[in-house]
Amino acid sequence: MTREEKSIAIEDLTAKLAESNVVYIADTSGLDAETTSNLRRACFKAGIKLEVVKNTLLEKAMEASTNDYGDLPSILKGNSSIFISEVANGPAKIIKDFRKKSDKPLLKGAFINNEIYIGDNLLDSLVAIKSREEVIGEIIGLLQSPAKRIISALLNNAESKGEAAAE
């Protein structure tokens, strides 16, 4: 890879990092062709971009980025793949699902909304993160609940008055 090609690759990675607040880094080495293909297909269906990257290029892209990736460059050893997503827990769910059949991919770390997570032991915590849509749904449910109770009470009260008037 020439210097110019490296420079273009770093600029491309920097742009991808700038576009997303959710970036997972995992080790996907040792996966056979079929498993890798299944992983890519699952990512595509979930709207997640999966890309195998060179550690040095990713580290330089992180340095050039406006985001603060903290200690994430320190985990860039061995084989690295990045999962870029709009949904905070999307890549974690895919990784966990694939780990039912295999010991890979291994989570190295994640950058989620300016928070840094390092280590495979955090996978379950990352799966439990609620997506924006889930949080909004819960808030709407909480807001609707008191209104539904009031309407139900009013309807029950009106029905009981109607029954009393009919007697």
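Remember, predicted model here, so these are calculated numbers, not experimental data.
- Looking only at side-chain heavy atoms (C-beta outward), Leu58 and Leu17 come within less than 4.5 Å of each other.
- One distance of note links OG1 of Thr36 with CG of Leu31; it measures 4.5 Å at 0.5 Å rounding.
- Thr14 is not listed as a side-chain neighbour of Glu63, based on a closest heavy-atom distance of 4.5 Å or more.
- Using a 4.5 Å heavy-atom threshold, the side chains of Leu107 and Tyr117 count as separate.
- A pairwise comparison of heavy atoms in Leu126 and Asn89 identifies O-CB, 3.2 Å as the closest pair.
- Contact check for Met62 versus Ile25: side-chain heavy atoms found under the 4.5 Å cut-off.
- Counting only heavy atoms from C-beta outward, the side chains of Leu13 and Ile82 approach each other to under 4.5 Å.
- Nearest heavy atom pair, residue Ala92 against residue Tyr24, reads CB-OH, 3.6 Å.
- A 6.0 Å sphere centred on CG of Asn121 holds more than 12 heavy atoms belonging to other residues, nucleotides or ligands.
- Atom OG of Ser81 sits about 11.5 Å away from atom CG of Leu106, to the nearest 0.5 Å.
- When all heavy atoms are compared, the tightest approach of Ile116 to Gly70 is CD1-N, 4.2 Å.
- Taking each heavy atom of Leu57 and Ala9 in turn, the nearest pair found is CD1-CB, 3.9 Å.
- By the 4.5 Å heavy-atom criterion applied to side chains, Val22 and Val87 are not counted as neighbours.
- Note that CG of Leu50 is 6.5 Å distant from OG1 of Thr28, once rounded to the nearest 0.5 Å.
- With Lys77 contributing its side chain and Asn55 its backbone, the two residues share no donor-acceptor pair below 3.5 Å.
- Minimum heavy-atom separation, Ser80 to Lys108: OG-NZ, 2.7 Å.
- Around CD of Glu86, the count of heavy atoms belonging to other residues, nucleotides or ligands within 6.0 Å does not exceed 12.
- In this structure, Asp97 does not pair ionically with Lys93, as no charged nitrogen and carboxylate oxygen lie closer than 4.0 Å.
- Using a 3.5 Å distance cut-off with no hydrogens or angles, the side chains of Ser37 and Arg41 do pair a donor with an acceptor.
- Atoms CG and CG, from Asn114 and Asp68 in turn, are 8.0 Å apart once rounded to the nearest 0.5 Å.
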Subject >> Residues Arg99, Asp120; criterion side-chain contact (heavy atoms from CB on, under 4.5 Å); working and verdict >> reply: CA-CA 11 Å; Arg99 295 272 289 277; Asp120 191 62; 2.7 Å; yes
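- When only modelled atom types and interatomic distance are considered, Asp71 and Ser74 share no side-chain donor-acceptor pair under 3.5 Å.
- By the 6.0 Å contact criterion, NZ on Lys104 is enclosed, its count of non-hydrogen atoms from other residues, nucleotides or ligands being greater than 12.
- Within 6.0 Å of CD on Glu5 lie more than 12 heavy atoms contributed by other residues, nucleotides or ligands.
- Here the straight-line distance linking atom CD1 of Ile10 with atom CD of Glu59 works out to 10.0 Å at 0.5 Å rounding.
- Put simply, CD on Glu51 and CZ on Arg40 are 8.5 Å apart, with the number rounded to the nearest 0.5 Å.
- Remark: the backbone N or O of Tyr69 is not paired with any side-chain donor or acceptor of Asn67 at under 3.5 angstrom.
- One N or O on the side chain of Ser20 and one on the backbone of Ser85 form a donor-acceptor pair closer than 3.5 Å.
- Phe98 has its side chain within reach of Pro105: a pair of non-hydrogen atoms, C-beta onward, lies under 4.5 Å apart.
- For the pair Lys6 and Lys60, the minimum side-chain heavy-atom distance is 4.5 Å or more.
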